[in-house]
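Numbers restart at 1 for each chain; the letters A, B, ... are given by sequence-line order, proteins then strands.
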Amino acid sequence: MTDYKSTLNLPLTSFPMRGNLAQNEPKALANWAKKDLYQLIRKNCAGRPKFILHDGPPYANGDIHIGHAVNKILKDVVIKSKTLAGFDAPYVPGWDCHGLPIEHRVEKKIGKAGAKVPFDVFRQKCREYAAKQIEGQKKDFIRLGVFGEWDNPYLSMDFQFEADIIRSLSKIVQNGHLHKGFKPVYWSVVGGSALAEAEVEYQDKVSTSIDVRYSPRDQSELLSKFVPTGEDLGNGEVSLVIWTTTPWTIPASQAISISAELKYALVEFDAQNEQDERFGLGKERVVLAAEMVNQVMSRYGVEDYRVVGLASGTSLENIECVHPYLERKIPLLLGEHVTTEAGTGLVHTAPDHGADDFTVSRGYGIETLNLVNANGVYSDKTEHFSGQHVYKVDEPVCELLAEKGRLVRKEKFKHSFPHCWRTKTPLIFRATPQWFISMDKNGLRESAMSSIKDVRWIPDWGQARIEGMVEGRPDWCISRQRTWGVPLCLLVHKDTDELHPNTNELMEKVAILVEEKGIQAWFDIDLNDLIGADAKDYVKVNDTLDVWFDSGVTHQCVLERRGELVEPADMYLEGSDQHRGWFQSSLLTGLAINGHPPYKEVLTHGFVVDAKGQKMSKSVGNVVAPMTVINKLGADILRLWVASTDYRSEITASDEILNRTADTYRRLRNTARFFLANLNGFNPETDLVAAEDMLPLDRWAVDCAYKTQNELKAAYDDYNFLVATQKMHHFCAMDMGSFYLDIIKDRQYTAKAGSAAHKSCQTALYHIIQAIVRWFMPVMSFTAQELWPNIPGNNEDSIFWETWYDGLFPNDVDAKISDNAWQTISKVKIEVNRQIESMRKEGGIGSSLEAEVVLFANEELYSCLSKLENELRFVLITSKATVRKGDGGSTTEIDGLGVEVSASENKKCERCWHRTEDIGVDSNHPDLCGRCVENVDGSGEVRHYA
RNA sequence: CCCCAGAUAGCUCAUCUGGUAGAGCACACGCCUGAUAAGCGUGAGGUGGCUGGAUCAUGACCAGCUCUGGGGACCA
């Protein structure tokens with residue numbers, strides 16, 4: 001028997017079936033770095049319209065987690081798909097470098113700035129620490145296959161950047177948005193600094209709640225306000241009872257707030273308390289909100305009590321009490337924040353330590369006392385408690401109150417309480433001088449609200465989200481009392497607190513210095529050098545800026561600064577938490593400086609959760625580490641996972657999902673490989689067949705790719721990568737794998753090499769793989785580049801500046817076999833497969849080429865199927881296929897179609913494996929069919945349709 | 001406590017404006033051995049989170065609830 005295998009055009013390629021991504025991707029990266037691929041892309045995209053995706057800087061601390069990976073990959077997919085769509089899309093990654101977290105790490109290593117280490121040394125150490133963190137993160141980001149200007153990223157600690165932050169602040173001052181305020185802000189006593197709202201997190205805390213008696217200065221005056229409910233106003237000492245969960249604020253107690261809306265009751269009772277006899281005074285009278293009497297008495301465990309008088313809240317305004325243990329007047333104030341949800345309806349008011357307290361007190365001309373130092377210790381002017389820490393003073397305060405007979409009740413109280421996000425310690429409110437960007441002083445809130453509408457928010461609910469936040473947010477406190485941050489660089493008058501009249505010029509002078517020497521320049525500068533004789537009247541503000549300000553002004557420090565970038569950016573793309581972070585800080589500074597938002601589109605993605613939908617946390621142990629995935633499966637798998645999930649809500653990651661993704665990847669890769677293998681020997685320069693000369697089936701395949709590509713363009717354009725990947729997969733697995741490729745194997749392998757039948761097919765394969773490789777590129781970049789040089793005729797060394805393949809073409813309107821006809825044929829094929837399968841189950845046949853089919857068709861189907869003439873068998877992959885009009889065979893799910901399958905009784909052609917009647921027609925080839933003889937010895941068979 | 005989003009086959013997702021749920025993957029079984037740590041075929045998988053309601057009819061509309069994620073408020 002002759003070995004005819006050598007006469008076949010079998011697939012051949014050096015492109016490996018298995019990607020070995022974990023091993024091969026690093027090699028590709030090294031290669032790309034060597035030829036400076038990113039700059040090559042820039043060079044090749046020069047002159048195209050720009051698309052600017054501006055990178056939101058990750059904080060320069062810690063290893064990258066899966067959230068970082070999702071964010072960077074999505075950005076990279078956007079960048080690459082925009083490049084594919086014909087844009088010049090540069091990407092300058094950046095890092096956020098200043099701020100508390102880094103300071104904490106450095107403190108742990110070398111000690112507190114100013115105490116153990118000089119400030120300048122400390123700042124230098126922070127700089128070095130951040131730089132090291134950046135190197136680590138950068139390495140991992142690059143490994144993800146994210147393209148960008150990694151050799152020259154932006155760092156918020158670059159001297160130039162630091163200087164531009166100062167210039168940005170200066171513009172905001174010029175535009176009248178800055179103001180100095182003095183009010184209670186969240187204060188981290190451990191961190192020793194004010195915190196922004198965004199830095200506050202709520203945790204459960206068990207506090208000591210106390211009920212405290214305040215005595216009226218003039219008992220009869222107070223009683224005169226009450227209308228007796230019975231015969232008299234009862235007996236016993238009179239006091240007003242407040243309830244608080246922060247005993248440590250009692251030293252700063254300056255007033256009691258009551259509500260104008262409420263009635264207050266005078267209650268007579270005897271709180272002889274079993275727990276601690278010190279709390280009870282015997283028979284006494286207290287003032288409580290009338291509607292809370294039952295609740296309070298029940299809390300005190302008192303059953304026997306009597307409401308003896310009632311008074312309106314308003315009538316009690318300005319009544320004076322005395323501090324429980326100090327000679328201090330405590331007036332009653334009317335405040336809208338007083339509610340009956342908890343407590344007594346009388347609210348202890350310490351303007352130093354509460355926002356409402358501050359506001360109410362200011363209305364009555366009561367100032368703050370400033371008893372608590374930055375480190376949380378009571379100052380010298382604090383009677384009884386000077387030198388003690390606020391965290392430790394609750395108990396001593398209670399002791400003192402009990403001793404003075406002022407404590408009615410003491411309990412443990414569990415509630416949610418603000419904590420410092422870094423140190424995880426409870427926060428206090430502390431009144432301090434701070435600098436604010438005012439939301440309303442110069443219309444910032446108003447312009448923000450209106451310009452939000454000019455931005456495209458993806459998904460659209462992002463707009464409502466940020467509107468809600470901007471609408472209700474307080475002024476932005478931008479000052480921090482920290483070391484590692486950009487200084488505010490303001491000079492204020494010693495007496496008047498006014499800014500220096502030449503503030504903006506001075507800030508520019510400082511900026512120039514900072515450009516040379518970094519932020520340390522401000523701290524080193526001698527005022528005499530800066531303002532000469534004025535130096536004696538002015539002091540430097542030593543506060544640093546909130547880090548959110550740093551990243552908020554990247555539109556100035558990066559977009560405006562770098563020639564290849566443009567402000568406003570086309571897109572900002574971050575996690576949905578940035579509505580209150582970067583999106584907002586950028587919006588506010590953009591408006592305060594330029595009068596417009598720094599972005600046109602804002603795309604947000606959700607957070608990564610585990611298989612059960614739970615958020616990932618180290619303590620739960622359900623984290624998926626990106627580098628683990630990459631080292632096991634490869635970056636292209638991770639990228640495909642990101643692209644194939646709906647990023648708008650939570651993004652689920654689990655071993656199963658990633659393994660499924662790897663399955664999908666293999667299918668895509670292997671389909672592409674099959675294209676390459678069948679293009680073996682094909683030279684597009686000489687072998688490409690004109691569209692009109694191609695076989696209808698091949699035309700159909702190109703048309704199918706053409707349609708798919710249009711869908712992909714739309715999907716990429718809409719940032720709908722999920723749809724894009726699904727369509728790619730469907731095309732590869734279904735349209736190609738189970739239909740077209742399966743069918744053309746026969747022709748591809750057995751037709752005479754170089755014949756029209758063969759070249760038509762290869763032409764289709766060529767066009768389609770050129771398209772596919774580009775479809776893959778934004779998502780599976782490593783694989784796309786690996787495929788690229790294996791495609792015949794591709795001499796360019798990189799795919800990464802290619803645009804959509806324009807060599808695809810739709811089917812002719814008057815095609816011999818229309819799209820509809822192909823669709824019908826494909827459905828018929830499925831029915832035929834069913835019948836073949838049932839025969840196979842009975843053991844009648846194995847391969848479908850062992851079968852012969854007869855199709856019984858109605859008029860319509862007949863005219864469709866008979867178009868293929870005797871080539872229908874190739875489409876059905878059977879050895880014989882005939883169509884007859886009328887009924888017959890097994891019924892199918894298609895109306896008017898019957899199918900009859902039988903095992904062929906003919907011999908099998910050794911070469912093409914079809915079973916035909918003409919095996920051995922040529923005595924030179926006794927084992928071949930006539931068709932194969934023609935292909936081996938003749939000029940090659942002629943195909944008309946498939 | 002309030003607001004937003006999501007809840008459809010083991011997994012990823014469809015199901016446009018209501019008319020007895022669809023793909024692909026995974027799985028099972030089989031075929032092939034000329035894509036071979038591949039390929040093809042067939043098949044089995046869903047009380048569409050729960051409960052009510054409107055409708056001739058709904059997974060899709062309304063109300064309430066549960067779970068998950070996100071955000072906000074309160075937290076004196």
Side-chain angles (χ1 to χ4, degrees), chain A residues 4-5 8-13 17-18 202 204-205 207 209 242-246 249 253 256-257 335 337-339 341-343 346-350 353-357 360 413 415-418 429 459 461-462 464-466 468-469 472 575-577 579-580 604 606-609 611-615 641 644-646 648-652 654 656-661 663-664 666-667 670-671 673-678 722-723 725-727 729-730 732-734 737-739 741-742 745-746 748-750 830 832-834 836-838 840-841 843 845-850 877 911-913:
Chain A
Y4 290 108
K5 199 161 172 173
L8 296 169
N9 315 301
L10 289 180
L12 182 68
T13 178
M17 188 157 86
R18 306 188 69 208
Y202 285 86
D204 278 347
K205 173 179 187 287
S207 297
S209 81
I242 62 91
W243 178 80
T244 179
T245 58
T246 52
T249 61
S253 177
I256 294 173
S257 297
H337 63 292
V338 179
T339 67
E341 277 163 27
L346 292 93
V347 177
H348 151 62
T349 301
H353 304 300
D356 289 329
D357 303 39
V360 169
F413 185 77
H415 56 161
S416 128
F417 196 82
F429 262 112
W461 47 256
R465 168 81 60 88
I466 196 159
M469 287 176 172
S576 59
D577 57 333
H579 284 105
R580 80 159 161 187
T604 56
F607 293 95
V608 181
V609 297
K612 293 175 196 148
Q614 307 287 336
K615 66 175 151 193
W641 164 70
S644 59
T645 177
D646 185 353
R648 291 170 300 182
S649 51
E650 312 92 274
I651 303 164
T652 317
S654 68
E656 178 178 8
I657 292 166
L658 287 162
N659 287 333
R660 284 299 83 81
T661 308
D663 290 338
T664 304
R666 274 188 227 108
R667 183 57 196 244
N670 210 33
T671 302
R673 176 172 182 266
F674 188 66
F675 275 81
L676 298 181
N678 282 291
L722 162 66
V723 165
T725 52
Q726 283 195 349
K727 291 211 183 282
H729 186 251
H730 194 274
C732 287
M734 303 309 295
S738 73
F739 188 73
L741 299 180
D742 203 28
K745 276 188 230 174
D746 172 81
Q748 181 61 31
Y749 298 170
T750 67
I830 288 167
V832 170
N833 282 338
R834 286 212 175 105
I836 290 175
E837 182 66 20
S838 78
R840 190 178 280 142
K841 283 255 156 70
I845 51 165
S847 156
S848 64
L849 282 178
E850 288 172 37
I877 318 180
R911 186 167 174 276
C912 73
W913 295 348

Can you tell which of [options] lies closest to the side chain of [X]?
X	options	result
A:Glu850	B:U36, B:C32, B:C31	B:C32
A:Gln726	B:A35, B:U12, B:G41	B:U12
A:Trp913	B:U33, B:G70, B:A35	B:U33
A:Asn833	B:C11, B:G41, B:C13	B:G41
A:Asn670	B:G39, B:C11, B:C31	B:G39
A:Arg673	B:C32, B:G30, B:A35	B:A35
A:Ser649	B:A35, B:G41, B:A5	B:A5
A:Trp461	B:C4, B:G39, B:U68	B:C4
A:Arg660	B:A26, B:A38, B:U12	B:A26
A:Lys841	B:G24, B:G69, B:U42	B:U42

Scan every strand shown for a Watson-Crick or G-U wobble partner of [N], both distances under 3.5 Å, and answer none if you come up empty.
N	value
B:A9	none
B:A21	none
B:C31	B:G39
B:C1	B:G72
B:C65	B:G49

Can you work out whether A:Cys732 or A:Leu722 has the more 5'-proximal nearest nucleotide on RNA chain B?
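The residue whose closest nucleotide sits nearer the 5' end is A:Leu722.
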Hey, which sits more toward the 5' end of RNA chain B by its nearest nucleotide, A:Arg648 or A:Lys615?
A:Arg648
Hey, does [X] reach any base, or is it just sugar-phosphate, or nothing, if we go heavy atoms under 4.0 Å?
X	result
A:Arg667	sugar-phosphate
A:Phe607	sugar-phosphate
A:Asn659	nothing
A:Lys612	nothing
A:Ile657	sugar-phosphate
A:Gly846	sugar-phosphate
A:Ser738	sugar-phosphate
A:Asp663	sugar-phosphate
A:Trp641	nothing
A:Ile651	nothing

Using whole Å, report how far [atom1] of [X] lies from [atom2] of [N].
X	N	atom1	atom2	answer
A:Arg580	B:G72	CZ	P	4 Å
A:Met469	B:G70	CE	P	13 Å
A:Lys727	B:G24	NZ	P	13 Å
A:Ile830	B:U42	CD1	P	7 Å
A:Lys745	B:U33	NZ	P	11 Å
A:Asp742	B:U33	CG	C1'	14 Å
A:Leu849	B:C40	CG	P	15 Å
A:Glu650	B:U12	CD	P	11 Å

Please report the distance separating the [atom1] of [N] from the corresponding atom of [M], rounded so that it comes out in whole Å.
N	M	atom1	value
B:G53	B:A73	C1'	32 Å
B:A7	B:A14	C1'	15 Å
B:G48	B:U15	C1'	11 Å
B:U20	B:A57	P	15 Å
B:G39	B:C16	P	33 Å
B:C62	B:G22	C1'	27 Å
B:G69	B:U51	P	24 Å
B:C11	B:G30	P	27 Å

May I ask you to test the A:Phe607-A:Ser576 pair for a side-chain heavy-atom distance under 4.5 Å?
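Contact flag for A:Phe607/A:Ser576 side chains = yes.
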Between A:Arg660 and A:Glu656, is there a side-chain heavy-atom distance shorter than 4.5 Å?
yes
Is the base of B:G45 syn or anti, if syn means a glycosidic angle within 90° of 0?
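Syn, which is what one calls it when the glycosidic angle falls within 90° of 0.
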Does any N or O donor sit under 3.5 Å from an N or O acceptor when you compare the side chain of A:Glu837 with the base of B:G41?
yes
Tell me whether A:Arg834 is salt-bridged to A:Glu837, with the criterion being a basic N under 4.0 Å from an acidic carboxylate O.
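No.
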Check the pair A:Asp742 / A:Lys745 against salt bridge (charged side-chain N to carboxylate O under 4.0 Å, His left out), numbers first and verdict last.
CA-CA 6 Å; A:Asp742 203 28; A:Lys745 276 188 230 174; 3.5 Å; yes
Testing the 3.5 Å rule here: is there a donor-acceptor pair between the side chains of A:His348 and A:Thr244?
no
Indicate whether the side chain of A:Thr664 and that of A:Thr661 have a donor and an acceptor atom separated by less than 3.5 Å.
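Result is no, nothing qualifies.
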Given A:His729 and A:Cys732, is the side-chain contact (heavy atoms from CB on, under 4.5 Å) satisfied, shown in steps?
CA-CA 5 Å; A:His729 186 251; A:Cys732 287; 5.7 Å; no
Minimum-distance pair of heavy atoms, taken over all atoms of A:Phe675 and A:Leu741:
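Residues A:Phe675 and A:Leu741, closest heavy atoms: CE1-CD1, 4.0 Å.
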On the nucleotide B:A35, are OP1 or OP2 found under 4.0 Å from the side-chain N or O atoms that A:Tyr749 carries?
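Indeed, a polar side-chain atom of A:Tyr749 lies that close.
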For a quick test of reading the model: is some side-chain N or O of A:Ser847 closer than 4.0 Å to OP1 or OP2 of B:C40?
no
Whether A:His579 and A:Trp461 hold their rings parallel, tilted or perpendicular, with breakpoints at 30° and 60°
tilted
Is A:Arg648 atom CZ crowded by more than 12 heavy atoms from other residues, nucleotides or ligands, each under 6.0 Å away?
no
